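All residue numbers in this chain count up from 1 along the given sequence. Keep in mind that what you see is a predicted model, and the values were worked out from it rather than measured.
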Amino acid sequence: MEKIQMTTPLVEMDGDEMTRILWKMIKDELILPYVDLKSEYYDLGLEYRNETNDQVTVDSAEATMKYGVAVKCATITPNAARMTEYNLKEMWKSPNGTIRAMLDGTVFRAPIIVKGIEPCVKNWEKPITLARHAYGDVYKNTEIKVDKPGKAELVFTAEDGTEVRELIHTFKAPGILQGIHNTDASITSFAHACFKYALDTKQDLWFATKDTISKKYDHNFKDIFQEIYDAEYAEQFKAAGISYFYTLIDDAVARVMKDKGGFIWACKNYDGDVMSDMVSSAFGSLAMMTSVLVSPSGVYEYEAAHGTVQRHYYKHLKGEETSTNSVATIFAWTGALRKRGELDNIAALCEFADKLEAATVKTIEDGKMTKDLAAITSLKDVTVLNSADFIKAIRATYDAM
């Protein structure tokens, strides 16, 4: 069979642990037999990030801006334990945080729906899409560990030399400090992305922060969203028959549990991280959530919404069998290949992506799935497959289609 030809490379960002193992399986079984893959490869595994002083992460983001489409494997964000485990030079920042900051986009995450995997929240009938701001906040933070009494202040020094100071806390004993920031330009990009995506998909848009407590920081998000909506989108939303509203994050959490779904829920960076994990888990599995970062300039980076599956990786290293769900990582590849096909007018590449997604869903609906899905499915007499056999089953389904 003649392979589908690509004209422009996509950026390929390899990752860590069990997802890195799945990454190669997916390429070997589901991509390379059918597509003459053109990719510019970057190894974002923690060892190589450490070796390059994290320059490889910056390089991969710059390549993404150059080529317009990237696909990323899950990566480790190191903590103190990882510092020792990997003998790191320093506690490198989240690769996702670095890439999001450079692309200044919005992350849209949505559950992958299959028959036989019903949401834990019984009244959820339609997918809930999380729109996550992708710049600043805790992912671009600065932290200080305080080891003696003293005064902590927030200081802004303007270019003209004038200063604004706010007392944070007077320490009488050791403690910790964290400084976070955002920009009006990035918040504005976030707002436009959310409003446009809502119009494109004909879905209501919710936005939630905690402006009653954070009366300047979170309130600024609320104000910018409202100003942009009133000035540019209110009439378009009315014509499309959809709505926008703002509510407090705790109110949104309560409301979402009683809603039927089918809307976009926009959150600040870390709120979106947490809530997308909640939504994906409630819909079935953390491995059943798509994620795409969209920049204001029209650059796309596709990834799975979950982590590196550390526990399964340690089992794999011991030679033990794993049954790791690869669906979200497969959909990251299909999303990137479809977008590459759209941008380069390669219909066959788009059709391949659609067919591979359909084959993945059909494999599960035919009762062949990984252990995490078998534990929650309503289907009877299912076959639990290990990591490799599940991917091979998808290939068999694809070939039969």
Side-chain angles (χ1 to χ4, degrees), residues 1-49 56 60 63-64 67-76 95 99 112 287-288 290-292 300-309 312-313 316-317 322-341 344 346 348-361 363-364 370 385-399 401:
M1 185 182 72
E2 189 174 341
K3 292 185 180 182
I4 299 165
Q5 298 297 307
M6 294 175 62
T7 54
T8 310
L10 56 80
V11 177
E12 178 186 348
M13 306 175 187
D14 211 342
D16 287 300
E17 298 187 318
M18 197 62 208
T19 45
R20 187 182 183 96
I21 305 300
L22 296 176
W23 193 259
K24 186 176 187 307
M25 291 180 185
I26 291 165
K27 282 180 66 178
D28 290 347
E29 285 287 338
L30 302 178
I31 309 296
L32 295 178
Y34 310 101
V35 178
D36 185 20
L37 182 65
K38 285 183 170 59
S39 70
E40 191 162 300
Y41 178 87
Y42 293 86
D43 184 358
L44 266 58
L46 188 50
E47 293 97 332
Y48 194 63
R49 277 185 275 147
V56 65
S60 70
T64 302
Y67 291 110
V69 181
V71 58
K72 180 182 174 296
C73 184
T75 47
I76 294 168
I99 294 164
I112 299 161
M288 300 290 285
T290 63
S291 181
V292 56
Y300 298 80
E301 183 244 320
Y302 294 82
E303 61 181 329
H306 59 75
T308 58
V309 202
H312 285 202
Y313 180 60
H316 172 80
L317 291 179
T322 65
S323 181
T324 314
N325 191 332
S326 52
V327 171
T329 306
I330 293 168
F331 273 59
W333 272 102
T334 54
L337 290 168
R338 183 187 296 106
K339 181 54 64 175
R340 188 75 274 165
D344 295 347
I346 304 173
L349 199 56
C350 299
E351 290 164 7
F352 167 76
D354 292 344
K355 186 177 172 184
L356 183 53
E357 288 182 3
T360 303
V361 171
T363 300
I364 297 169
T370 47
L385 300 173
N386 64 32
S387 304
D389 287 347
F390 177 63
I391 291 170
K392 289 175 182 176
I394 293 170
R395 180 175 180 178
T397 304
Y398 178 92
D399 289 340
M401 289 168 64

Compare all side-chain heavy atoms of [X] with those of [Y] and state whether any distance is below 4.5 angstrom.
X      : Y      : value
Arg395 : Pro33  : yes
Val69  : Asp344 : no
Val292 : Phe331 : no
Tyr398 : Leu30  : no
Trp23  : Val71  : yes

Quiz prompt | Pairwise side chain to side chain donor-acceptor pair (under 3.5 Å) hits with a residue in residues 326-335, at least two apart | solution = Thr334-Glu357
Quiz prompt | Pairing residues for Glu351 by the side chain to side chain contact (heavy atoms under 4.5 Å, CB included) criterion, not counting sequence neighbours | solution = Ala347
Quiz prompt | side chain to side chain contact (heavy atoms under 4.5 Å, CB included) partners for Thr324, two or more places apart | solution = Met18, Leu22, Val309, His312, Thr322, Ser387
Can you name the nearest heavy-atom pair linking [X] to [Y], along with the distance?
X      : Y      : answer
Leu46  : Asp16  : N-OD1, 2.7 Å
Ile394 : Thr363 : CA-OG1, 3.5 Å
Met6   : Ile346 : CA-CD1, 4.1 Å
Ser39  : Glu12  : OG-OE1, 2.9 Å
Tyr302 : Gly335 : CZ-O, 3.4 Å
Cys73  : Gly15  : CB-N, 3.3 Å

How long is the straight-line distance from [atom2] of [Y] back to [atom1] of [X], given to the nearest 0.5 Å?
X     : Y      : atom1 : atom2 : value
Lys24 : Ile391 : NZ    : CD1   : 11.5 Å
Leu37 : Gln5   : CG    : CD    : 11.0 Å
Ile31 : Leu337 : CD1   : CG    : 5.5 Å

Quiz item: Yes or no on side chain to side chain contact (heavy atoms under 4.5 Å, CB included) for Thr75 and Arg49, after CA distance, side-chain angles and deciding distance?
Solution: CA-CA 10 Å; Thr75 47; Arg49 277 185 275 147; 3.7 Å; yes
Quiz item: Given Ile364 and Val327, is the side chain to side chain contact (heavy atoms under 4.5 Å, CB included) satisfied, shown in steps?
Solution: CA-CA 10 Å; Ile364 297 169; Val327 171; 3.9 Å; yes
Self-check item: Note: Lys72-Glu301 ion pair, threshold 4.0 Å (strictly below)
Solution: no
Practice problem: Identify whether the distance between the nearest side-chain nitrogen and carboxylate oxygen of Arg20 and Asp43 falls below 4.0 Å. | Solution: yes
Exercise. Could you please spell out the steps behind the side chain to side chain contact (heavy atoms under 4.5 Å, CB included) verdict for Ile99 and Leu44?
Key: CA-CA 11 Å; Ile99 294 164; Leu44 266 58; 4.1 Å; yes
Exercise. Could you tell me whether the side chain of Thr370 and the main chain of Ser323 form a donor-acceptor pair under 3.5 Å?
Key: no
